[in-house]
**Student:** 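This is the structure, below, for whatever I ask next.
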Amino acid sequence: MNCEQARAALSARVDGEGDVSAVDAHLAACGPCAERAASLQRALAALKEHGPVPAPEGFERKVLARATADASTVPIPLDSLPAAPPRRRLRWFAWAGAAAAALVLAAVVQMFASLAGVLDEREGEIAKLRGMAEEARRGAPGPEPEPEPEPPAAPVPDRIQAEFIERNDLVLREGRYLPRELAERMERGESYHDGAWIAREEMQRRLQPPPAPPPLLPARPEEDIARDWLARQGLRAAPIVEEPAPAEPKPAAPAEADVVREFMARHGLVEHEGRVIPREELQRLAFERIIEAPEGATAPAEARRLLAGLRIGLPVLHEGLAIYPMSDDSARGPDLATLRDTEPGVVENGGLFAVQVSNPSDRPLFVPAGTLFGGGNFARVVRRDTVVPPRSAAKVRVYCAQPSMLSGARKLARGEFAAPASIRRRLQDPNGQAAVWTLVQRYAAALGVASKTPSIEDLYAAPAVRARIEALRGGVARFAAENPRARGAALAVGDQILLVQVFATPALLAAHLDQAVASAALDEALSRRGLMVAETQVPNAFHEVRRFVREAFTARYAPGPTSFAIGSAQDGPFGELALERPGGAPAALTLYAPAESEAGLELEALLEATASLPARKLERVLSDLSAEMARATPTERLQAVRELAAVGGSRGTQVLLGLSGSPDQAVARVALEALGRRRDPQAVAEIAGRLRNERDLEALPALADALSRFGDERAVEALTQRLSDPDPQVGAAVLPYIPQAIRGLRSRTAIERAMLDLIRFFEATFNAYWRPPETVAEDVRQRFRPAYAHALEALMALSGQEFKQGPDPRKWWNANKDAFVRGLLGQ
Amino acid sequence: MTLKELSDGEILQHLKARSAPNYEEAFAELVRRHKGAVMTFLTRYTGSASAAEDLAQEAFVRVYRAIASFDLRARFTTWLYAIAANLAKDEFKRRRRHPAVSMDWRSGAGDDTTRNLPTAPDGSSNPEEAALQTETGRRVQETLDRLAGPDREVLILRDIQGLKYEEISAALRVPMGTVKSRIARAREAFRGLWEK
């Protein structure tokens with residue numbers, strides 16, 4: 001072993017690893033290496049001896065106070081936990097698909113299990129559940145869990161307790177203290193239902209499916225359902241068995257806080273928002289907690305509006321399927337006919353990718369994306385939400401979901417089913433068409449469908465699937481009866497979310513829930529091949545659902561740093577956003593935006609037209625469009641801008657430029673983003689001018705981002721100029737976009753000039769940051785100091801170097817200028 | 001049997017099943033056992049005892065909330081360190097994003113612009129925190145501050161906390177080989193700075 005090898009092996013030697021004897025032999029013979037080893041030992045000994053830091057006084061107390069202060073003390077899986085890897089790769093799909101046709105605000109959040117992997121995973125899970133059930137059985141003495149044994153009589157509360165009880169207005173009921181209102185309502189036989197206390201008879205009435213004949217089994221009061229549910233979660237309702245007195249000697253006069261804490265623990269009470277409530281009440285509150293947009297939500301406004309304020313309620317459990325209601329108090333959205341309550345005509349339109357749908361009713365007809373039209377020449381799947389005006393016919397864009405049938409039939413079957421999530425997801429793929437044909441064949445084989453040209457409808461007709469759908473029907477009915485106000489539903493088997501759908505109105509959910517359940521049943525059957533879980537416990541998917549919806553707020557809707565993307569080449573059929581989630585199961589989200597006004601409908605028609613028009617006709621449509629846009633609502637305008645982004649032509653640029661100055665920040669941002677993407681040089685001067693004069697820090701990033709995409713010298717110049725703005729925040733806001741702007745440049749001199757500008761600026765910030773205050777003028781310090789980290793980051797991003805010292809960037813530049821420029825120019 | 005005699009795993013099992021007679025007390029026992037380790041890791045990683053205390057509290061709060069999702073086959077400490085490490089890194093990212101915070105970072109770099117850029121803040125401005133540490137303790141901190149984040153992390157876990165390679169690998173979700181090479185690199189860097 002030589003010195004180099006020995007030194008490399010020193011660290012392993014310290015841990016007793018590697019070739020210990022060889023290293024030792026070398027150390028014994030080599031003075032310098034032995035000294036090196038001793039030096040390492042000294043350093044590590046110091047580290048070990050002086051490294052540990054004691055925890056401060058009262059640490060546990062502070063943790064507990066913090067943990068129990070929040071209402072969300074029920075377990076919530078968190079991002080930072082090992083179960084959730086910190087980095088998430090997100091795949092996004094275009095939004096344009098959703099924009100044009102939607103009259104209805106509907107979101108479909110779907111989670112697709114990878115079919116191959118799920119089988120094993122599911123079997124493992126079921127085995128685990130069986131084990132748990134077995135354990136529970138063995139643990140329980142009787143065949144049926146008897147009611148809790150009478151808790152020991154409450155001890156006579158001492159003075160502190162008495163005060164506490166009085167202060168919080170608690171009353172003793174069956175050996176346990178409860179808040180008075182709760183206890184009294186329970187005594188009166190009231191139950192908590194759908195956000196309010198109601199009489200038990202009223203509850204029973206509500207639980208009856210309205211038109212149905214009297215049920216075979218008496219309806220179960222909500223309380224029982226909740227108790228069952230809690231039991232399945234392994235949650236125990238208080239009262240809690242009293243703990244044997246701890247062996248530790250009690251101090252003579254216990255502190256008040258200790259007495260209160262102990263009292264509350266004994267009676268299963270917790271503090272919530274200044275009130276004392278039973279622990280199970282806290283669970284319920286957490287259950288009903290309204291979903292709010294978390295800090296840093298990046299979702300578009302309409303998505304947020306759709307999702308925010310939703311409450312996820314207790315699930316309806318049926319045959320192993322849990323259906324969670326999602327509701328709020330608003331009843332919004334127009335009154336729409338659905339495929340189910342009208343007799344629409346669906347006929348071939350002469351093409352593969354469109355069918356004609358006629359609406360005989362007096363209301364607009366809502367045809368949701370994903371609807372399956374069977375028969376005709378080929379089975380089709382509706383591409384986007386489409387609304388057919390009353391008493392008229394419209395072309396509906398579709399996917400062809402079946403090869404080589406060509407029956408010659410002109411008429412298609414009204415869509416009873418929707419394409420299952422797994423297939424809809426595949427259709428998003430640009431090559432999805434062919435993939436779906438193969439997929440349907442494969443599914444058909446797996447489900448034992450005999451047809452040579454199987455269609456998706458044939459999959460639904462497979463015996464296993466049909467039986468499952470049949471079995472789940474009761475669940476849909478119960479859900480509808482118990483949750484008349486729900487406008488969304490999340491479907492889960494075990495803790496696996498199959499599908500989440502949110503519509504604008506309860507009516508729309510009611511009309512489409514059985515479709516959703518059927519599609520979940522098909523996916524479920526496909527993934528598990530008939531392995532039913534009806535007998536097993538259903539673990540909690542509630543938090544999964546909530547987390548999933550919350551994620552939709554912060555998901556990246558686009559590659560850009562400020563907003564979401566639109567009009568990409570991938571005109572996603574369902575406008576779905578797929579995000580890879582912790583645990584590997586990918587998920588997709590579909591959001592649709594509403595058209596609220598007449599003008600909005602008009603706008604949609606025009607936009608639809610732009611997609612297929614030749615360039616020369618486009619100009620006219622665009623001018624109509626901008627006129628229409630002035631009359632539309634902000635949401636519609638926003639959607640329209642997104643659509644416009646997909647449209648070519650210089651007139652499009654003009655319209656977008658006009659919109660980019662819109663006082664509506666969201667519209668302006670989307671327009672700017674679209675401009676950045678189309679890189680029409682005629683827009684540079686205008687945007688650059690605006691950047692020069694923009695004082696609003698909120699508006700700057702969108703302008704800078706757009707400019708940075710042009711690959712134009714004028715754009716970079718405008719950006720670097722803003723670096724020396726007297727307001728330091730301006731430079732900091734613009735800096736992140738400069739690397740991108742420089743990378744797009746196509747001229748050597750422009751690149752060199754911009755790089756030097758950036759390095760000079762960095763050096764200014766460096767000095768302002770690091771030099772002692774007395775050597776730098778205060779105004780200079782104030783101006784440059786805040787941008788230091790941003791400047792360093794920008795330079796590191798451009799160079800790929802890790803700069804450690806102030807002069808490093810310039811040194812690097814001087815040495816690597818040519819190679820860097822050549823690299824950017826692709827030479 | 002009292003709480004103190006139960007292993008971490010047993011306590012977690014009770015907490016998970018909500019079968020602990022006194023939920024909070026059982027949880028407090030877990031905190032009591034591991035608070036020192038978490039405080040040490042976070043203090044040495046962030047260089048600030050007050051920031052570390054806040055993060056350490058947050059780490060345990062997250063444990064508290066997520067107990068239901070804890071897999072009992074896993075080691076508790078691995079999980080705990082993973083949470084702490086994530087929190088520490090997030091904290092750093094946050095500070096980088098908000099340069100206003102960095103105004104409080106160590107000043108006194110003098111006019112010597114060739115000095116290494118610091119990688120961590122220093123809480124030495126706070127007399128209380130300073131008092132917590134001995135002269136050598138402070139020097140240990142200063143030396144650690146000058147290591148790159150990943151190096152500092154493994155060095156603390158291995159040479160202050162005494163975790164095994166496998167445990168570090170599991171907590172940081174980094175392959176074993178990388179853990180070993182990082183430790184070797186970190187030790188050499190630390191030695192070089194320490195002996196200067």
Side-chain angles (χ1 to χ4, degrees), chain A residues 8 10-12 14 39-40 42-44 46-56 59-60 62-64 66-68 72-78 80-83 85-86 234-236 240-243 246-247 261 265 732 766-767 770-772 775 785-790 804-807, chain B residues 2 17-18 21-24 27-28 31-32 35-36 39-40 43-44 49 52-53 56-57 60-62 64-69 79 82-83 86-87 90 96 99-100 102-103 108-111 113-117 132 134 136-137 140 155-156 159-160 173 180 183-184 187-188 190-191 194-195:
Chain A
L10 266 186
S11 171
V14 170
S39 147
L40 180 63
R42 280 195 299 273
L44 294 184
L47 195 58
K48 197 171 176 67
E49 187 180 344
H50 298 278
V53 177
F59 185 82
E60 296 95 312
K62 288 185 207 158
V63 169
L64 273 174
R66 226 162 116 171
T68 50
S72 61
T73 43
V74 280
I76 297 169
L78 286 157
S80 61
L81 302 178
L235 300 175
R236 287 190 40 184
I240 296 170
V241 179
E242 207 176 333
E243 191 183 9
R261 200 169 53 229
F766 184 87
N767 284 330
W770 289 112
R771 281 182 178 276
T775 65
R785 209 174 134 100
Y788 164 66
H790 294 281
K804 294 246 183 259
Q805 297 169 358
Chain B
T2 67
R18 298 211 153 238
N22 188 336
Y23 195 89
E24 265 94 39
F27 181 76
V31 178
R32 202 169 297 126
K35 61 182 179 182
M39 268 304 285
T40 297
T43 308
R44 292 311 181 193
E53 185 184 347
Q57 285 178 17
F60 283 109
V61 168
R62 291 191 180 198
Y64 184 90
R65 293 192 195 154
I67 274 174
S69 62
W79 189 47
I83 294 174
N86 280 348
L87 280 170
D90 287 350
R96 275 178 74 118
S102 66
M103 305 277 273
D111 50 3
T113 54
T114 59
R115 187 187 185 282
N116 275 357
L117 301 179
L132 268 179
T134 59
T136 320
V140 163
L155 196 66
I156 298 168
D159 287 321
I160 300 181
R173 304 172 129 235
K180 285 186 196 172
I183 290 175
R187 280 176 173 166
E188 179 51 30
F190 185 84
R191 185 201 64 79
W194 182 258
E195 295 279 303

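In what follows, chains are A, B, ... by sequence order, proteins preceding strands, each numbered from 1. Keep in mind it's a predicted model, so treat the numbers as computed, not measured.
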**Student:** Where is the tightest heavy-atom contact between A:Phe59 and B:Ala56, given as atom of each residue plus distance?
**Tutor:** CZ-CB, 3.6 Å
**Student:** Once you round to the nearest 0.5 Å, how far does CG of A:Leu64 lie from CZ of B:Phe60?
**Tutor:** 11.0 Å
**Student:** Minimum heavy-atom separation for A:Pro56 and B:Met39, please, with both atom names.
**Tutor:** CD-CE, 3.8 Å
**Student:** Among all residues two or more places apart in sequence or in another chain, which pass the salt bridge (Lys or Arg N to Asp or Glu O under 4.0 Å) test with B:Glu53?
**Tutor:** A:Lys62
**Student:** When you look at B:Asp159 and A:Lys48, which way does the side-chain contact (heavy atoms from CB on, under 4.5 Å) test go after all the steps?
**Tutor:** CA-CA 6 Å; B:Asp159 287 321; A:Lys48 197 171 176 67; over 6 Å; no
**Student:** Can you list everything that forms a side-chain contact (heavy atoms from CB on, under 4.5 Å) with A:Glu49? Sequence neighbours excluded, please.
**Tutor:** none
**Student:** Taking all non-hydrogen atoms of both residues into account, name the closest pair between B:Val140 and A:Leu47 and its distance.
**Tutor:** CG1-CD1, 3.6 Å
**Student:** Search all heavy atoms of B:Gly36 against all heavy atoms of A:Ala55 and return the closest pair with its distance.
**Tutor:** N-CB, 4.3 Å
**Student:** Under a 3.5 Å distance rule, please check whether B:Arg187 uses its side chain to pair with a backbone N or O of A:Leu40 as donor and acceptor.
**Tutor:** no
**Student:** Where is the tightest heavy-atom contact between B:Glu195 and A:Ala43, given as atom of each residue plus distance?
**Tutor:** OE2-N, 4.4 Å
**Student:** So, for A:Ser11 and B:Ile183, which heavy atoms are closest and what is the spacing to 0.1 Å?
**Tutor:** OG-CG2, 3.8 Å
